[in-house]
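Lettering of chains follows the sequences in order, A, B, ..., and the numbering in each one begins at 1.
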2 protein chains.
Amino acid sequence: MKLSKTSEYALRVLAYMINSDMQVFKAKDLVETLNVPNKYLRRLMTDMSKYGFIKSLQGREGGYVFAKNADKIFLIEVIDAVEGIDKYQGCIMGHQSCSEENPCSLHKSYAPIRDLEMEYFRKTSIKELKDKNIHKF
Amino acid sequence: MKLSKTSEYALRVLAYMINSDMQVFKAKDLVETLNVPNKYLRRLMTDMSKYGFIKSLQGREGGYVFAKNADKIFLIEVIDAVEGIDKYQGCIMGHQSCSEENPCSLHKSYAPIRDLEMEYFRKTSIKELKDKNIHKF
DNA sequence: GCATATTACTACACAGGTATGGTATTTTAT
DNA sequence: ATAAAATACCATACCTGTGTAGTAATATGC
């Protein structure tokens, strides 16, 4: 599982937000704190708004806030929204059809590992990224 | 772990070779059997020869053969050779320095899963792809 | 109402991975 | 010598992920 930079940025933004006491986050603050390219972050935030993880407040005194409780936002949803999760679920050898019934030569041994990984992303929420001992998002 | 197409092709070539009774494999045969683009496969085979997994026999009746016993060729070596393995071992959130001592907010929970996956690729050899019930490489 | 602060939208640019095409060279069995 | 096979370059094209630039739209404070 090597996430795209866009997914990394998305998770880092959300990890920062859940670990901060602020309610409203400005793009400028996020850019400086997380070292994400300015315009890139802005597009990402707009996208994440559309997907319903956050909400944007326009105008002066505006910014971004969570659109729902962070324990209802799962890692797999974020990844799927910003880069798509399908590719990580396909056959490790690149076969179109690969299943228990018609497996590739790696399927039997690798499938359990991939399933474990997927379950992790499916069950872990943004809220679980809250950890007061960690100052790296 | 979403491998590059180049890695997928490499594994499929080696899986096909270990599952066949033939000793010498011609590029033409590999291209047709595995549906890999002609020129792309040829360059890949040249690369794999340089890395010592296979050997090329030039001239008429030439082709490719294993350069060493397939139980001495591990998946991680093949992946590392053709696309590099480093990116899969870095921090899931993209941090430069992320370790037990200075972890990101996902490190503690995700590191064991990534380690398990890496161990799988480190310990599984091409020989283990041999399976007479499988006809998909 | 106006200036300011902030996000939204559209288009473009660059790099790397993936793929194709051409031409010429080297090696070896027959 | 001829044919069959791989090697070596080299150029190009496409797609995607990543990143940049400029302009438009929105809301607030005064």
Just by distance, with hydrogens left out, do A:Tyr16 and A:Asp29 show a side-chain donor and acceptor under 3.5 Å apart?
-> yes
Between B:Val36 and A:Lys26, which is nearer to the 5' end of DNA chain C once each is assigned its nearest nucleotide?
-> A:Lys26
Let me know, please, whether A:Pro37 or B:Ala27 comes out on the 5' side of the other along DNA chain D by nearest nucleotide.
-> B:Ala27
Roughly, in whole Å, what's the span from NZ in A:Lys39 to P in D:dG22?
-> 8 Å
Matching residue for B:Glu101 among B:Cys98, B:Ser99, B:Ser97 - test: side chain to side chain contact (heavy atoms under 4.5 Å, CB included) = B:Ser99
Please give, in whole Å, the distance from C:dT6 C1' to A:Lys55 NZ?
-> 17 Å
When the ring planes of B:Tyr110 and A:Phe121 are compared, do they come out parallel, tilted or perpendicular, using 30° and 60° as the limits?
-> tilted
In whole angstroms, how far is the C1' atom of C:dT7 from the CG atom of A:Asp47?
-> 13 Å
With ring centroids as reference points, do A:Tyr120 and A:Phe74 lie under 6.0 angstrom apart?
-> no
For B:Leu44 and C:dA19, give me the distance from atom CG to atom C1', rounded to whole Å.
-> 13 Å
When rounded to whole Å, the OH to P distance for the pair B:Tyr40 and D:dC9 reads 19 Å
Could you check if a side-chain atom of B:Met1 sits within less than 4.5 angstrom of a side-chain atom of A:Ile92, using non-hydrogen atoms only?
-> yes
Can you check the A:Glu8 CD to D:dT18 C1' distance for me, whole Å?
-> 12 Å
B:Lys28 NZ to D:dA5 C1': how many Å, rounded?
-> 11 Å
Of the candidate nucleotides D:dT7, C:dT7, D:dG17, which contains the atom at the shortest distance from the side chain of B:Ser56?
-> D:dT7
Going by atom types only, do A:His107 and A:Glu100 share a side-chain donor-acceptor pair under 3.5 Å?
-> yes
With DNA chain D as reference, determine whether B:Phe25 or B:Arg43 sits nearer its 5' end, using the nearest nucleotide of each.
-> B:Phe25
Between A:Thr46 and C:dA8, does any side-chain N or O lie under 4.0 Å from OP1 or OP2?
-> yes
May I have the distance from A:Asn38 (atom CG) to D:dT18 (atom P), rounded to whole angstrom?
-> 17 Å
Side chains of A:Glu83 and A:Ser7, donor plus acceptor under 3.5 Å | yes
Which part of the nucleic acid, if any, lies within contact of A:Lys50, taking any heavy atom under 4.0 Å across all strands shown: a base, the sugar-phosphate backbone alone, or nothing?
-> sugar-phosphate
Please determine if a side-chain N or O atom of A:Ser4 lies less than 4.0 Å away from the OP1 or OP2 oxygen of D:dT16.
-> no
Contacts to DNA chain C from residues 58-67 of chain A, heavy-atom cutoff under 4.0 Å, which residues?
-> A:Gln58, A:Gly59, A:Arg60, A:Gly63, A:Tyr64
Within the structure, does a side-chain N or O atom of A:Thr6 lie under 4.0 Å from either OP1 or OP2 of D:dT18?
-> yes
When the aromatic ring centroids of A:Phe66 and A:Phe53 are compared, is their separation below 6.0 Å?
-> no
Under 4.0 Å between a side-chain N or O of B:Lys5 and OP1 or OP2 of D:dT16?
-> no
If you take atom types as modelled and just measure distance, does the side chain of A:Arg42 reach the base of D:dG19 with a donor-acceptor pair under 3.5 Å?
-> no
